[in-house]
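Data first, discussion second: the structure below is written as structure tokens.
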Number of protein chains: 2
Amino acid sequence: MRDLARRPELLSINTATVRQRWTLPQIIAGCAAQGIRAIAPWRDQVAQCGLDIAAKLIKQEGLRVSGYCRGGMFPAADEAGRQAAADDNRRAVDEALAVGAECLVLVVGGLPAGSKDIAGARSQVRDGIATLLEYARPAGMRLAIEPLHPMYAADRACVNTLGQANDLCAELGQGLGVAVDVYHVWWDPNLEREIARAGKSNWLYAFHVCDWLVPTRDLLTDRGMMGDGVIDIPQIRGWMEASGYDATIEVEIFSAENWWKREPAEVLRICRERYAQVC
Amino acid sequence: MRDLARRPELLSINTATVRQRWTLPQIIAGCAAQGIRAIAPWRDQVAQCGLDIAAKLIKQEGLRVSGYCRGGMFPAADEAGRQAAADDNRRAVDEALAVGAECLVLVVGGLPAGSKDIAGARSQVRDGIATLLEYARPAGMRLAIEPLHPMYAADRACVNTLGQANDLCAELGQGLGVAVDVYHVWWDPNLEREIARAGKSNWLYAFHVCDWLVPTRDLLTDRGMMGDGVIDIPQIRGWMEASGYDATIEVEIFSAENWWKREPAEVLRICRERYAQVC
């Protein structure tokens, strides 16, 4: 396993972690100031400062972009909705290319409004990714399916296990991989096996860390700093690296009541410490 | 599939559904008053009114007891803790026998305090169930593992899919089965297959219904009345019955901000309506 204390350049900050108090230019400058060499920006933050400016600032600082957040949200109640999602996803691929991202992260979407047909939503996701791949593959942008925790199956993503994501990758082929976020998958009894399966096929594109707090007070915005919860992060990272993963460790923390309220430079400092000590 | 509108006797009320405003004797009388023929009581409510009295009232009204809630909570930080759990679980078996329950529901427990070892917790669960089976099997009390939603993996149950529960049943043998609660398993892409597997081995012991609300505002106590959420309950019930399930449909709703605040007789009336119309 890689010794993270000696590999500070592998730390990536997902910009959601400090998004409440800093704009994207502030985050880029703040990371550079602390020697953080990689980020994963969100589309709305990029839109806010302008794509050209974002791309220029990232390039100026020489930052690695571990992923671009995010494409997906494929299922819709009608064809017009699916077409709008398809159009928007192609724009997301273009933006990911512009900022030099290593992959476009896909949060695939849940049930269309009023629907109880999760199998149908999953089928729409499959078709949506297949279509987007036809655009992304020749453009050279990799797509990374992020399986989300089953508690998001209805409203955010109906791909809820790494096994499901791997099945899609196996079916749809080259240019499609997975983003493994410990928060979403730590509970899965098949996790080690599915990481190995993804590694064997070289589609482990990204690795995200935070922690599962006990108790968890909110389904979306009560995620913990690494080390403050119950996830055995080194074990999962060990499975990733034993399976050939050699890219960044991306910190992504949604925390409305704690980390989002703190001074962003302090948050980044603590991310660096925990990255080196407990990941 | 059974026509529930013509089979009112299959409706069971898990007493948690109306526990905030009624004691167990009130719930028993309230169910009897509305022609509800089955309940699933909780241990603390039984203890509050006394086991003998609870058993007598249930018998007087001729109520079926679809399950007894609950045994489990096997993992502990040390041997003394595991022994205390084992002792308590034997008492739960005795109580389940006294009230004439069709099974003792097992919520197996999560990580011991301070632990990040979910594989170890799962191993403790396996051993705990094996030991309890030696007591329950000759006594004639069936044990029903209830896989809980993965969002409870840390603090309530580290058996999080029906597949895991089925694996335990296959390993540990006669007298062990599963309680399938749509709230916990509706998202699982392998659900139909695992229900069929359980049915083939005749260990589908219980079926619980409520609904998944969007948004869900609390991890534990924001469950919905059947029909108010996104779960395709008839589809899952169809899989159960196609697999040979012929017991009750048990309504279990944890709802601190809505159903627990309402007048219990009204809640029971709505349970009866929804049972007949949307389950």
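Order of the sequence lines fixes the chain letters, A, B, ..., with proteins taken first and strands second; residue numbering starts at 1 for each chain. Computed from a prediction, not measured in an experiment: that's the story for all the values here.
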side-chain contact (heavy atoms from CB on, under 4.5 Å) partners for B/Val209, two or more places apart: B/Val182, B/Phe207, B/Met226, B/Ile233, B/Ile249, B/Val251, B/Cys279
Engaged part of B/Val214 at the chain A interface, taking heavy atoms whose separation is under 4.5 Å: side chain
Most contacts with chain B, counted as non-hydrogen pairs under 4.5 angstrom, among A/Leu219, A/Ile118, A/Leu220: A/Leu219
For the student: nearest non-hydrogen atoms of B/Val125 and B/Gly109, plus distance: CG2-O, 4.5 Å
Worked check of side-chain contact (heavy atoms from CB on, under 4.5 Å) between A/Leu106 and A/Leu132: CA-CA 11 Å; A/Leu106 300 181; A/Leu132 187 59; 4.1 Å; yes
Atom group of B/Ile231 that falls short of 4.5 Å from chain A, counting heavy atoms: backbone
Heavy-atom closest contact (A/Gly173 atom, A/Leu133 atom, distance): O-CD1, 4.4 Å
Heavy-atom pair of closest approach, residues B/Cys169 and B/Val178: SG-CG1, 3.9 Å
Partner residues of A/Ala121 under the side-chain contact (heavy atoms from CB on, under 4.5 Å) criterion, sequence neighbours left out: A/Pro75, A/Leu111, A/Pro112, A/Cys158
Choice from A/Pro189, A/Ala154, A/Pro215 maximising heavy atom contacts with chain B below 4.5 Å: A/Pro189
Return one line per donor-acceptor pair between chain A and chain B under 3.5 Å, naming both atoms and the distance rounded to 0.1 Å.
from: A/Arg122; atom 1: NH1; to: B/Trp187; atom 2: O; distance (Å): 3.3
from: A/Arg122; atom 1: NH2; to: B/Trp187; atom 2: O; distance (Å): 2.6
from: A/Trp187; atom 1: O; to: B/Arg122; atom 2: NH1; distance (Å): 3.3
from: A/Trp187; atom 1: O; to: B/Arg122; atom 2: NH2; distance (Å): 2.6

side-chain contact (heavy atoms from CB on, under 4.5 Å) between A/Val159 and A/Leu148, worked out: CA-CA 6 Å; A/Val159 172; A/Leu148 292 204; over 6 Å; no
Between B/Gly229, B/Pro150, B/Gly114, B/Ala119, the one whose heavy-atom pairs under 4.5 Å with chain A are most numerous: B/Pro150
side-chain contact (heavy atoms from CB on, under 4.5 Å) between B/Met225 and B/Cys271, intermediate numbers included: CA-CA 7 Å; B/Met225 178 65 66; B/Cys271 286; 3.8 Å; yes
